[in-house]
Amino acid sequence: MPNDAQRQQMTEGQGFIAALDQSGGSTPKALKLYGIGEDAYASDDQMFDLIHQMRSRIAMAPAFTGDKVIGAILFEKTMDREIGGKPSATYLWEERRVVPFLKIDQGLEDPADAVRMMKPIKGLDALLDRAVKAGIFGTKERSVIDAANAGGIAKIVAQQFELGGKVLSHGLMPILEPEVTITIADKAEAEDILLTEILRHLDALPDSQQVMLKLSLPTKANLYQPLVDHPKVMRVVALSGGYSRDEANALLAQNKGVIASFSRALTEGLSADQSDEAFDSTIAATIDSIYQASIKG
């Protein structure tokens with residue numbers, strides 16, 4: 001079964017997960033960095049057409065294969081569209097051997113207790129059913145920690161695991177993403193609290209269940225080794241979180257067993273007006289640099 005092959009790749013594969021999941025709020029910035037200003041589109045539909053063109057160009061680049069990119073996280077509108085004449089998730093797995101994931105969070109609540117919880121996800125069960133039918137392997141869900149507030153971090157981790165349980169009940173693999181903002185003064189303290197809370201929830205999971213974790217690159221190298229080694233964790237991946245690609249790669253390489261799941265750092269240096277040759281060369285070099293940092297970590 002393809003799902004068994006996907007599970008093996010996510011468990012044992014050498015490489016990283018590409019984050020191609022910019023949503024409505026982050027798409028204008030992603031397009032601007034790609035060389036497309038807001039004057040190039042007059043509606044959300046046109047904006048999403050343009051970002052889909054960028055994502056398709058990345059996914060169809062010769063270097064974008066399961067040899068180094070073992071998975072990719074998609075936005076809902078990307079899942080619903082086609083790449084290379086096939087449904088996006090089907091194209092990624094059948095043509096590229098890249099395991100498809102789906103971003104399911106729908107924005108953040110206002111700050112409280114120094115965290116930003118996920119908003120309720122409208123139509124969650126229907127969305128997860130659609131994901132299964134589309135050939136999606138797993139999901140990703142993001143919330144944000146803005147200070148070392150023990151109460152807030154406990155709430156955010158509890159929400160992540162509650163949603164993860166719902167995802168698991170649909171036969172999908174959740175990537176839990178309680179992001180720690182990289183610019184906060186007490187980042188190291190927040191990460192210590194986060195680690196304790198995650199381990200507490202992992203220990204309460206049934207032995208038959210696993211989750212994945214997507215975390216900010218830690219202040220202390222190898223802080224998350226207990227998560228990498230935990231039998232209920234399929235994989236620990238890292239977000240770039242605002243670091244440049246070079247900075248993110250350097251930090252990632254210091255963390256054994258953690259692989260990348262970069263978004264902005266992946267698209268850094270790409271431009272809409274590049275020739276296909278220049279685009280493919282740039283993304284190939286980027287993929288190789290992130291891959292090398294992932295397998296050294």
Side-chain angles (χ1 to χ4, degrees), residues 7 10-11 17 73 101 103-106 108-121 124 128 137-182 184-239 241 251-252 254-261 297:
R7 179 174 293 274
M10 292 317 306
T11 303
I17 298 175
I73 304 169
F101 290 81
K103 165 190 161 69
I104 61 170
D105 57 276
Q106 297 175 349
L108 302 174
E109 301 278 16
D110 291 335
D113 297 323
V115 299
R116 286 172 278 166
M117 305 274 282
M118 290 178 284
K119 290 181 178 179
I121 301 172
L124 176 61
L128 295 175
F137 175 75
T139 67
K140 190 216 70 167
E141 37 269 12
R142 172 181 175 264
S143 47
V144 177
I145 296 166
D146 288 322
N149 181 302
I153 293 173
K155 290 177 184 177
I156 216 169
V157 174
Q159 184 190 43
Q160 285 281 348
F161 274 86
E162 181 181 6
L163 179 54
K166 173 70 77 171
V167 171
L168 285 164
S169 74
H170 283 256
L172 296 164
M173 171 57 60
I175 302 178
L176 312 182
E177 185 185 9
E179 175 183 348
V180 177
T181 303
I182 65 171
I184 60 175
D186 53 0
K187 178 172 175 283
E189 292 81 0
E191 290 163 346
D192 287 338
I193 298 169
L194 177 61
L195 174 60
T196 299
E197 285 297 321
I198 291 175
L199 286 170
R200 186 168 66 84
H201 282 270
L202 285 174
D203 290 340
L205 283 180
D207 289 341
S208 60
Q209 292 185 349
Q210 284 186 312
V211 299
M212 293 176 61
L213 297 163
K214 181 169 179 176
L215 305 171
S216 302
L217 289 158
T219 302
K220 303 171 192 172
N222 292 314
L223 175 71
Y224 295 131
Q225 194 65 45
L227 304 178
V228 173
D229 296 335
H230 202 288
K232 295 175 187 175
V233 176
M234 178 176 283
R235 212 74 188 247
V236 179
V237 305
L239 58 124
L251 290 169
L252 177 63
Q254 298 172 17
N255 289 273
K256 184 179 180 181
V258 179
I259 65 172
S261 179

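Computed from a predicted structure; not experimentally measured.
- Checking each of Ile175, Leu176, Val167 against Thr139 for a side chain to side chain contact (heavy atoms under 4.5 Å, CB included) leaves exactly one that passes, namely Val167.
- Within the model, atoms CG of Asp113 and NZ of Lys155 stand 4.0 Å from one another, a figure rounded to the nearest 0.5 Å.
- The nearest pair of heavy atoms linking Val237 to Ser261 is CG2-CB, 3.8 Å.
- In this structure, Leu227 and Leu215 have side chains that are in contact, with non-hydrogen atoms separated by less than 4.5 Å.
- A 6.0 Å sphere centred on CG of Asp207 holds no more than 12 heavy atoms belonging to other residues, nucleotides or ligands.
- With rounding to the nearest 0.5 Å, the separation of CZ in Arg116 from CG in Leu108 is 6.0 Å.
- Here the CG atom belonging to Asp146 is positioned 6.5 Å from the CD1 atom belonging to Ile184, to the nearest 0.5 angstrom.
- The closest donor-acceptor contact from the side chain of Asn149 to the backbone of Gly152 lies under 3.5 Å.
- Below 30°, between 30° and 60°, or above 60°: for His201 and Phe161 the angle between ring planes is below 30°, a parallel geometry.
- Under the 4.5 Å side-chain criterion, counting only non-hydrogen atoms from C-beta, Ile73 is in contact with Lys214.
- Taking CD of Gln210 as the reference point, atom CZ of Arg235 lies at 11.5 Å (rounded to 0.5 Å).
- Between Val233 and Val228, every side-chain heavy-atom pair lies at or beyond the 4.5 Å cut-off.
- In plain terms, the two heavy atoms of Ala190 and Ile153 that are nearest each other are O-CD1, 3.7 Å.
- The shortest side-chain heavy-atom distance between Leu217 and Gln254 does not fall under the 4.5 Å cut-off.
- Taken from CE in Met117 to OG in Ser143, the straight-line distance is 7.5 Å, to the nearest 0.5 Å.
- Contact record, Val115 with Ile156: CB-CD1, 3.8 Å, taken as the closest heavy-atom pair.
- Here the closest non-hydrogen pair linking Ile193 and Ala150 is CG2-CA, 4.0 Å.
- Taking the side chain as every heavy atom from C-beta outward, Leu163 and Ile121 approach each other to under 4.5 Å.
- Separating the NE2 atom in His230 from the CD atom in Gln225 is a distance of 13.0 Å, to the nearest 0.5 Å.
- Of the possible donor and acceptor atoms, one in the side chain of Asp105 sits under 3.5 Å from a partner among the backbone N and O of Arg142.
- Shortest non-hydrogen contact noted between Pro120 and Gln106 is O-OE1, 3.9 Å.
- Between the side chain of Asn222 and the backbone N or O of Lys256, at least one donor-acceptor pair lies under 3.5 Å.
- Considering all non-hydrogen atoms of both residues, Ala188 and Lys220 come closest at CB-CE, 4.3 Å.
- By the neighbour-count criterion of 12 heavy atoms within 6.0 Å, atom NZ of Lys232 is densely surrounded, having more than that number from other residues, nucleotides or ligands.
- Between Glu141 and Met118 the shortest side-chain heavy-atom distance falls below 4.5 Å.
- Side-chain contact between Asp192 and Thr196: absent, with no pair of heavy atoms (C-beta onward) separated by less than 4.5 Å.
- Lys187 has a carboxylate O that lies under 4.0 Å from a charged side-chain N of Glu191, or vice versa, which qualifies the two as a salt bridge.
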